[in-house]
Each structure stands twice: as C-alpha cells, then as structure tokens.
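Here the structure is laid out as structure tokens; the discussion comes afterwards.
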Amino acid sequence: MSPHATGRRRVRRSVAAGVPLAVLAALVTTGPAAAGTPSGQARVVRTATLGDIPLGTFSNTLLPGTVDDDRGVDLGGIGSDIYPTGRKGEFWTVTDRGPNGQIKVDGTKRRTFPVPGFDPAIVRIRVSGDTVRVLEAIPVTTRSGKAVTGLSNQQGRDEAPYSYDARTPLAPNPNGLDTEGIVRAADGSFWLTDEYGPSLVHVSTRGKVLTRYVPEGLNLTGTDYPVVEALPSVLLHRKINRGFEGLALLPGGDLVLAVQSPLSLPDTDAGEASRTARLLRFSPGKKAVTAEYAYRFDPVNVVDPSEDDTSELKISSVVAVGGDRLLVEERTDKAARLQVVRLGRSANILGGRWDDETTSPSLEQLDDPAAAGVPVLAKRLVVDLGQVAGVPGKIEGVARVDHDTLALINDNDFGMTDGAGAFDAQGRLVDSGIETTVTYVRLPRGI
C-alpha cells in the first residue's frame, strides 16, 4: 500500500444510485490463513483486501477542492464499522476522522491531522473473492453541503489539532466528526456515532447531517446543522478519543450506542483503571435515551494475554442478533473477544445514582459493581478472535453475514503510524503496510 510504489490505482468516476462516486479497486491476497484448522473451531473462510486509492482523488471527487495535498496517503480507515446492505457480499462502512497521529513536541504529545481537509464518508463496498471493491461513497456534509471535516470541535475539551509535523496549530471546527459506528434505517437514512461529543448523528441518504445528539451541558455552538442536547450529562466525562464507537440497530428500531471505554469519573485515573463501560439505548421516535446499561470487561490479560494495561480495553462494535440480544466486541489493538448480552429491563440504570457525577465511589471506581447492587449485563462468550488464525489486529467492525458467519473489518489508520517518522523529509507518508481487509469467520455453533 506504499504511496512510493509504482502503479497507484486509477480511480474511476461514475454515477451509482444518484451518488457522485463509484470507486473500483482490487488487490490480490493470499488465501485464507486458517487452512488445516480442525473442524469444530472458528475459522477464517475468506479474506479480501482493499487496493490503493489515492486519498486526494477520492476526496476531491466527492467534494471538489477539499484536499490540496494528500501527502501520499491512500484511502483507509473505512474499517470503523461495517453494516450489511441486504445484498450478498455488500456492506456499508464508514471512515473515521481521517489520517491522524501523535508526535511528541517538547515532551507533550500533539494530535496531527496530515490531511485536514479530509471529510468523513460513508462507503459502500462489495467483497468479491479476495478483493474489496468500493462501489459508492457519500460525503458527510453540513446543512449547507460543506464538508464537516474530521477536525476537533472544542478548544480545551478535545485534543488541539496540528499539521502533519505537529508544528503548526490548526483551527478547531465545531462541525467536525470522528465517525465510528454506522447503521442504516428503514427509510434509507443513516445513524452514525461520534467520539468527540460523544454524539449520535442522524444523516440523510445523501450524507447531510440532519441532527447531532450530544450530552446535556456540552454547549457546542457554531455548527452548520442542528445540535440537540439529548444524552445524559455524565457522558461529558468521556475519555479523550474514547467516545461512542459501537452502534447497533435493534429489530424494533431502537439504537444501542457503546461508549468505547470507561468514563473518566471522577478523574482520569479512575477511568484508566476501570473495567466498567456503558451502553445506551436510544429511541429515534422519542428522540431520547430510554435505557442505560453497565457492561463489565473481562480482565485485560484474558482478552489479550500479551497486554497488562487495563486502559487498553475497548468496545468497538455492537451487533443486534435478535430480540434484545446484542453481540459486543471487547478488544485491545491486538486481540478481541465477542460476547452476547441480553438488554433486559431490570438492567436499566438510566437516571439513577450512577448518572450522578457526585456519587462516590462512582460506577467506574467499583471493583465489583455487581456486589454493590449494579445490575451488570450477564454475558456469554461466542468466540475468542485472538485464537482464530488469520484474523488481523484492530478489528473495529463486525457484521453478521448469516447464522454462523461473521464479517470483520479492521481499521488500518490510513497507513499512519505515530511519531516524527510517520512522514519522510518531503512530507510524504511512510506507509505502515497495514491493509484494510474484510475477513469472514465461520462459527461452528453459530451465535
């Protein structure tokens, strides 16, 4: 995927279902890595890879003039989530905020945005053999049709944005979204989750932001779309860069949103040490949160035997699997386990003492929430993906293909790495070599 390699693939523009872009790309990969896996175990049955598509061409075809220099970055980051379109082998995916990294300057880490004009996009893909093809893309735009961008929103609350070399500060953008989760409603509109607010974003079929739902008290001003403070204020304590990630659409139409990590409540140290995260149930009809649930991570060395830092635990994907049952992915960047939970009424903690930021100890500080009377969601392990040969790291999206098959998509971070060595002396990306892949995993006993 290196931008320095010859033969960066040409992007072909056409019209698909009224959307201004259809990008086709292919890259041949090796066969499934699970050959020889004993029957009765989960195994990889297909791996497909996205080819090289220059990010500037991709972005400027959607919204002309948004990217003046892509710094050699190819399209990536579409692995923030994956959702079936209803057609065999086709999925909706969504990018995150775009290429970003961290560089330490004078002892302090700065968040870099090497392509600040990049606009998050909804991308429809097709898995065909060992190839991932981009069929169409929809830019996420403001009410007036401008790019929302992926830039941080609020000075002092979000990470300050900097140029690719971390030397030049960039202006925050209240419209900016760090999109992570995606589902498509029956009317064709999309729902997205965002890490900044954290927020739930309703988007039209054409990508225009209809409403952004944020926590009470966020006071986000200056946006070119409606903002509604409809989420619990306790979410203001989300860890930086760890807001909403997973998003599921239940059969009855309700949405389930997963906070990626435990809240920093009452402080950062408590959040870093905690294994208790929160899920929220949102009613699009009522435009309100109707339930909240406590989800308890397994110990970090159970999820990932190579890791001993509890703060590396994250929820990246949630998938509705019938009724009020939910498949939850708990992961580190190197391993992941999928658990099934049931969202029963008796587990609802919305509006209680655990939503009061003055409660001490907080939900996040409890060593054993269940012993303290918290109705923690019971869970059942479906599969330990860390034990399945051929599954890549940093799986952020999970979709159900059929009763016993899952589609997994990884976030390749646009080939970015952290540190001053992410770009060469000419300001061109030194690609990590990590590709965007869709991996099918067959479960011997289904879900």
Side-chain angles (χ1 to χ4, degrees), residues 29-49 77 79-82 127 180-181 242 245-246 248 258-262 272-277 279 295-319 321 325-341 377-401 404-413 417 432-447:
T29 66
T30 58
T37 300
S39 61
Q41 296 182 12
R43 67 189 191 280
V44 169
V45 294
R46 173 182 288 182
T47 299
T49 306
S80 286
D81 204 2
I82 185 169
V127 176
E180 293 291 348
R242 299 281 186 91
E245 182 131 329
V259 183
Q260 187 181 31
S261 296
E272 297 282 271
S274 179
R275 290 198 287 120
T276 306
L279 307 177
Y295 182 90
R296 186 77 170 162
F297 287 109
D298 285 339
V300 66
N301 62 350
V302 173
V303 178
D304 180 354
S306 71
E307 184 60 70
D308 61 5
D309 184 355
T310 296
S311 70
E312 289 299 313
L313 290 169
K314 305 156 191 166
I315 297 176
S316 274
S317 184
V318 288
V319 182
V321 290
R325 292 193 310 148
L326 198 69
L327 190 65
V328 180
E329 180 206 8
E330 47 184 278
R331 72 167 180 90
T332 67
D333 281 353
K334 294 172 286 186
R337 286 156 60 95
L338 303 180
Q339 309 271 359
V340 165
V341 300
L377 292 173
K379 63 186 186 181
R380 173 179 60 84
L381 180 66
V382 172
V383 61
D384 184 343
L385 294 174
Q387 300 299 313
V388 181
V391 173
K394 206 174 184 185
I395 294 296
E396 290 201 2
V398 179
R400 196 175 188 185
V401 176
D404 60 0
T405 307
L406 300 173
L408 316 175
I409 192 167
N410 68 314
D411 179 8
N412 82 325
D413 291 318
T417 56
S432 69
I434 298 173
E435 309 286 2
T436 297
T437 61
V438 176
T439 305
Y440 281 27
V441 172
R442 179 88 30 88
L443 307 176
R445 289 174 294 278
I447 298 174

Would a distance-only check, ignoring hydrogens and angles, find a side-chain to backbone donor-acceptor pair under 3.5 Å from Asn412 to Gly77? yes
For residues Ala277 and Ile315, report the shortest heavy-atom separation together with the two atoms involved. CB-CD1, 4.0 Å
Does Asn410 reach the main-chain N or O of Glu435 with its side chain, forming a donor-acceptor pair under 3.5 Å? yes
Kindly indicate whether the side chain of Val302, heavy atoms from C-beta on, has any atom under 4.5 Å from the side chain of Val300. no
Cationic N near anionic O, under 4.0 Å, Arg275 to Asp298: no
Please identify each residue that fulfils side-chain contact (heavy atoms from CB on, under 4.5 Å) with Ser432, with sequence neighbours left out. Thr417, Ile434
Could you go through Val303 and Leu313, starting from their C-alpha distance and side-chain angles, then the distance that decides it, and tell me whether this counts as side-chain contact (heavy atoms from CB on, under 4.5 Å)? CA-CA 8 Å; Val303 178; Leu313 290 169; 3.8 Å; yes
Kindly say whether Thr439 contributes a backbone atom to a donor-acceptor pair with the side chain of Thr437 at under 3.5 angstrom? no
Quick one: does Val259's side chain get under 4.5 Å of Leu279's, heavy atoms only? no
Where do Ser274 and Thr310 come nearest, in terms of heavy atoms and distance? O-CG2, 3.4 Å
Would you call Gln387 and Leu385 a side-chain contact if the rule is heavy atoms closer than 4.5 Å? no
Side chains of Ile409 and Ile395: closer than 4.5 Å at any heavy-atom pair? no
Between Thr332 and Lys394, is a side-chain contact (heavy atoms from CB on, under 4.5 Å) present by the stated rule, with each step listed? CA-CA 7 Å; Thr332 67; Lys394 206 174 184 185; over 6 Å; no
Between the CG atom in Asp411 and the CD atom in Glu245, the distance rounded to the nearest 0.5 Å is 8.0 Å
Which heavy atom of Asp304 sits nearest to which heavy atom of Lys334, and what is that distance? OD2-CE, 3.5 Å
Counting C-beta onward and ignoring hydrogens, is there a side-chain heavy-atom pair between Leu443 and Leu406 closer than 4.5 Å? yes
Lys/Arg cation over aromatic Tyr440: Arg46, 6.0 Å, 45° cone: yes
Worked verdict on Val321 versus Arg400 for side-chain contact (heavy atoms from CB on, under 4.5 Å): CA-CA 8 Å; Val321 290; Arg400 196 175 188 185; 3.6 Å; yes
Has the side chain of Lys314 got a donor or acceptor atom that lies under 3.5 Å from a matching backbone atom of Arg242? no
I'd like to know whether Val441 forms a side-chain contact (heavy atoms from CB on, under 4.5 Å) with Thr405, so could you lay out the CA-CA distance, the side-chain angles of the two residues, the decisive distance to 0.1 Å, and finally the verdict. CA-CA 6 Å; Val441 172; Thr405 307; over 6 Å; no
Quick one: OG on Ser316 to CD on Glu329, what's the gap to the nearest 0.5 Å? 5.0 Å
Which heavy atom of Val438 sits nearest a heavy atom of Ala407, and at what distance? CG1-CB, 4.3 Å
I'd like to know whether Arg331 forms a salt bridge (charged side-chain N to carboxylate O under 4.0 Å, His left out) with Glu396, so could you lay out the CA-CA distance, the side-chain angles of the two residues, the decisive distance to 0.1 Å, and finally the verdict. CA-CA 9 Å; Arg331 72 167 180 90; Glu396 290 201 2; 3.2 Å; yes
Using modelled atom types and a 3.5 Å cut-off, is there a donor and acceptor pairing between side-chain atoms of Ser317 and backbone atoms of Val398? yes
In the structure I gave you, are the side-chain heavy atoms of Gln41 and Pro444 within less than 4.5 Å of one another anywhere? no
Considering all heavy atoms of both residues, which atom of Ala48 and which atom of Val127 are nearest to each other, and what is their separation? CB-CG1, 3.8 Å
Is there a side-chain contact between Thr276 and Phe297, using heavy atoms and a 4.5 Å cut-off? no
Which atoms form the tightest heavy-atom contact between Val383 and Ala42, and what is the distance? CG2-CB, 3.7 Å
Looking at Leu381, is its backbone amide N or carbonyl O close enough to the side chain of Gln339 to form a donor-acceptor pair, meaning the two atoms are under 3.5 Å apart? yes
